[in-house]
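For the numbers below, each heavy atom of this structure counts, side chains included, while hydrogens, waters and symmetry mates do not. Labels below follow one simple rule: chain letters A, B, ... track the order of the sequence lines, proteins then strands, and each chain is numbered from 1.
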Amino acid sequence: MRQNWWKILAVILLIYTIIGGFLMPAPEELGILQKTIRNLYFHVPMWFSMIVLLLVSYIFSIRYLAKQRMADDHKAESMASIAMLFGLLGLLTGSLWAKFTWTVWWTPDPKLNGAAIGMMIYLAYYILRRNMEDESKRAKFSAVYNLFAFPIFIVLIIVLPRMAESSLHPGSGDTVGFNQFDLDSNMRMVFYPAVIAWILLGVWISTLRHRILILKHRNENI
Amino acid sequence: MRIFDSILNLMPLLNLKAESEASLFYSSGKIYVVVAVLLIIFAGIIAYLVRLDRKITKLEKKDEA
């Protein structure tokens, strides 16, 4: 019996995010951000979701290596795929936000470069998969690739930016993160549910994808 | 592309105008229009996902039968 409660929760939380994101109070007079600070509820969860999805993908890759079950490979691939979608959306929304605050679409910044390289690492994962016809070989290589890709991705996107000397991006280098501004926790009331909502949505879309792959696999092997 | 960029470069000048317009948006209650638009788009996307989910469930059940 399929569990659907978390999907309904995702929808409810997303409705809350959209309504609360615009109507609940937020510090709208800060520096260059002004009212764009509400982007926090949309841009940042893209990245949090991407990291969670990639983490789960990583776990499924390890499971595949342990048990050689094709379903695990499908799940690993689906999660990485939706993570890429969220990552792309994160880059696009970030770039647009940057144009109106930092006045440029892009800047050589540890966080931005880390994110871009991280995306390219996972794009290579897909190119690798494409070039392997044999199913079990493809699954095995992908799983091993993921084993290295994920830790490197975390270093690029979280560790290195925090250690950098200077950065425009909030939370990296010498720029303060948002928790300094949200002293009255108004933003947290929307931000935390928003993160959960977007993660659940990402997982939902991933499960749809891997269910299709499993069905396809089953039909081919009849 | 260049035209696009030069239009975008004018936007900070429009910002001052936009700020007063934005507060008009808030005070006259038109921010609700923005929220409504987003909710409609979101509803459409969720409706699609639910339809897809049901279709897949049906296919999975058919295979088991």
Side-chain angles (χ1 to χ4, degrees), chain A residues 1-4 6-8 10-26 28-29 32-36 38 41-42 82 95-96 98-105 197-198 200-222, chain B:
Chain A
M1 197 55 232
R2 174 140 265 126
Q3 299 267 20
N4 284 329
W6 52 274
K7 298 172 188 171
I8 300 174
V11 174
I12 293 175
L13 288 178
L14 279 168
I15 293 174
Y16 172 77
T17 301
I18 291 173
I19 297 177
F22 289 96
L23 301 179
M24 284 175 70
E28 290 177 340
E29 330 269 286
I32 49 177
L33 286 174
Q34 299 298 306
K35 292 192 165 73
T36 67
R38 291 176 187 275
Y41 307 133
F42 302 96
I82 302 308
S95 181
L96 184 66
K99 181 60 183 173
F100 288 92
T101 49
W102 305 337
T103 73
V104 287
W105 294 105
W198 288 108
L200 287 176
L201 184 72
V203 171
W204 186 6
I205 300 176
S206 303
T207 58
L208 288 176
R209 186 186 162 85
H210 91 243
R211 283 162 69 190
I212 292 176
L213 288 175
I214 290 177
L215 273 174
K216 231 199 219 170
H217 183 237
R218 205 191 297 178
N219 279 335
E220 280 166 11
N221 290 351
I222 285 178
Chain B
M1 195 59 207
R2 290 209 122 145
I3 301 175
F4 189 59
D5 270 341
S6 44
I7 293 175
L8 277 169
N9 283 332
L10 287 174
M11 297 221 89
L13 293 173
L14 294 174
N15 198 33
L16 293 167
K17 182 160 166 260
E19 288 244 356
S20 53
E21 276 178 356
S23 39
L24 268 177
F25 235 62
Y26 271 97
S27 56
S28 68
K30 294 221 172 100
I31 188 73
Y32 296 108
V33 177
V34 175
V35 177
V37 166
L38 286 168
L39 284 175
I40 291 172
I41 294 174
F42 176 67
I45 295 175
I46 293 298
Y48 172 72
L49 280 184
V50 171
R51 185 168 157 266
L52 192 56
D53 199 319
R54 290 207 175 129
K55 249 194 191 174
I56 297 177
T57 307
K58 215 190 293 179
L59 278 173
E60 284 170 339
K61 291 217 169 101
K62 194 179 77 167
D63 270 8
E64 277 171 29

Once rounded to the nearest 0.5 Å, what's the spacing between atom [atom1] of [X] and atom [atom2] of [Y]?
X: A:Ile15; Y: B:Leu38; atom1: CD1; atom2: CG; result: 12.5 Å
X: A:Asn4; Y: B:Thr57; atom1: CG; atom2: OG1; result: 7.0 Å
X: A:Leu215; Y: B:Ile56; atom1: CG; atom2: CD1; result: 7.0 Å

Using a heavy-atom cutoff of under 4.5 Å, enumerate the residues of residues 41-49 of chain B that contact chain A, numbered in order, or state 'none'. B:Phe42, B:Ile46, B:Leu49

If contact means a heavy atom pair closer than 4.5 Å, which residues of residues 206-214 of chain A contact chain B? A:Leu208, A:Arg211, A:Ile212

